Amino acid sequence: MYSNLWIEERYKDFYAMRYKVENVLYSKKTEFQTVDVVETKGHGKMLLNDGLVMVTERDEIAYHDMIAHVPLFVHPNPKNVLVIGGGDGGTAREVLRHSSVEKCTMVEIDGAVCEACMEFIPQTAEVLKGHPKLDLIIGDGVKFVQEFQATNEKFDVIIIDSTDPIGPAAPLFGPEFYTNVNKCLADNGIVVSQGESPWFEAEIQKSMLGVLNDIFKNTFIYNFSNLTYPGGLWSFTFATKGDTHPINDFRKEAVAASGLEFSYYNEGLHQAAFYLPTFMKKNLEGLIQNP
Ligand code: SAM
């Protein structure tokens, strides 16, 4: 137990978030990054990759509800789902709650992230310890889609639950990767990706949407808010191979019919999330479809 240990995540040289740490549970330097799990006073257990907060027990539900349930309640019948990244397990956990899902393939580059979360953050990672519908692969998502696109199998929904565009995740934001993702998608397939901060990373958002626009039929972006990402407001991109629309094709009645309980997601929020603040609409003008 540490009496006065604080952990600080700095955003560039002008902004920082600090958290009171009660215990350091796990710390490892891998070939890809440093992986730490700490017990905090106010946010429960927290996963940090390269000193950046990835997941906390307190607010992970916001990110995982919105990255999984938005595409899965739009796609007409999602059976085969691919998750790239997502080593904490929270996205796979939510995907596997959908009874239509027959198979979820998850490709995480760093086994240490899964190992640390299985031991110290079962709230998100319990599912990684074994689930009949989960195929967990420790490997590079870039290589996986390169090889997979040559097979005949297709995914209905692909979810890119990655870190920021640095280190091993940098290629996950590029045209070559998304060209292969598009080839791995069924004709009415949807791809949703971790889309950075509207307040702080408008340039990354513009470049991501530029890449998606060149490859996919329709491109949208939607928001959620949490406690531990810089600025609290964060986005996901939503791109489709065919004409699917995130609101017009939203299977609203399926949410209640699923019998699933949610802590963050609901029918109203699903739709509201695609209505953007004016500064964001201005930043991304011409790069996204209207909701
Ligand atoms: N929600 C978090 C965020 O927004 O920052 C991301 C959560 S998840 C922990 C991100 C995972 O992506 C990390 O565990 C990282 O190892 C993994 N990752 C990064 N690059 C990858 C790649 N090329 N292929 C597969 N997984 C990758």
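Values below: all heavy atoms of this structure, side chains included; hydrogens, waters and symmetry mates excluded. Since the structure is predicted, the reported quantities are computational estimates derived from the model, not experimental observations. Counting starts at 1 for both ligands and their atoms, following the listed order.
- For the pair G90 and ligand 1, no heavy-atom separation below 4.0 Å is found.
- Shown here is E253, whose CD atom has more than 12 heavy atoms of other residues, nucleotides or ligands within 6.0 Å.
- With ligand atoms numbered from 1 in the order given, ligand 1 contributes 4 (O) to contacts under 4.0 Å with heavy atoms of Q194.
- Given atom 9 (C) of ligand 1, the protein heavy atom at minimum distance is D88 OD2, 3.4 Å.
- The residues E147 and K143 are annotated as salt-bridged, a charged nitrogen and a carboxylate oxygen being separated by less than 4.0 angstrom.
- Inclusion of D110 in the set of residues having an N or O under 3.5 Å from an N or O of ligand 1 is not warranted.
- At least one N/O-N/O distance between D140 and ligand 1 falls below 3.5 Å.
- For ligand 1, the polar-atom distance check against L172 finds no nitrogen or oxygen pair separated by under 3.5 Å.
- Between F220 and H245, the distance from one ring center to the other falls under 6.0 angstrom.
- Nearest non-hydrogen protein atom to atom 24 (N) of ligand 1 is G141 N, 2.9 Å.
- Close approach of ligand 1 to V107 is summarised as follows: ligand atoms under 4.0 Å from at least one heavy atom of the residue are 25 (C), 26 (N).
- At a 3.5 angstrom cut-off on N or O pairs, V142 does not count as close to ligand 1.
- The part of N49 lying near ligand 1 is the side chain, judged by heavy-atom distances below 4.0 Å.
- Few gaps surround CD on E153; more than 12 heavy atoms of other groups in view lie less than 6.0 Å from it.
- Between Q289 and T219 there is a side-chain heavy-atom pair separated by less than 4.5 Å.
- Closest protein heavy atom to atom 11 (C) of ligand 1: E108 OE1, 3.4 Å.
- Residue Q33 places at least one N or O, backbone or side chain, under 3.5 Å from an N or O of ligand 1.
- Residues F250 and F73 keep their aromatic ring centres 6.0 Å or farther apart.
- Remark: aromatic rings of F274 and F238 are close, center separation under 6.0 Å.
- Side-chain contact between S235 and E196 is absent, with no heavy-atom pair separated by less than 4.5 Å.
- Protein heavy atom closest to atom 1 (N) of ligand 1, with residue, atom name and distance, is Y229 OH, 2.8 Å.
- Distance from atom 5 (O) of ligand 1 to its nearest protein heavy atom, with residue and atom name: M54 SD, 3.5 Å.
- Residue, atom and distance of the protein heavy atom nearest to atom 27 (C) of ligand 1 are I109 CG2, 3.5 Å.
- Only the side chain of Y63 comes within contact range of ligand 1, with a heavy atom under 4.0 Å; no backbone atom does.
- Taking 4.0 Å as the cut-off between side-chain N and carboxylate O, R18 and E9 do not count as a salt-bridged pair.
- With no hydrogens or angles considered, a side-chain donor-acceptor pair links T30 and D110 at under 3.5 Å.
- Checked for salt-bridge contact, K282 and E285 miss the test: no charged N lies under 4.0 Å from a carboxylate O.
- Looking at L47 next to ligand 1, no N or O pair under 3.5 Å apart turns up.
- In terms of protein heavy-atom proximity, atom 7 (C) of ligand 1 is closest to D161 OD1, 3.4 Å.
- When each atom of ligand 1 is checked for a heavy atom of A169 under 4.0 Å away, the hits are 19 (C), 20 (N).
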Please walk me through it: do M106 and L128 pass side chain to side chain contact (heavy atoms under 4.5 Å, CB included)? CA-CA 10 Å; M106 179 180 143; L128 303 183; 3.7 Å; yes

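- Each of the following atoms of ligand 1 lies closer than 4.0 Å to a heavy atom of V113: 14 (O).
- Heavy atoms of other residues, nucleotides or ligands lying less than 6.0 angstrom from NZ of K129 number more than 12.
- The protein heavy-atom contact nearest to atom 19 (C) of ligand 1 is T163 OG1, 3.6 Å.
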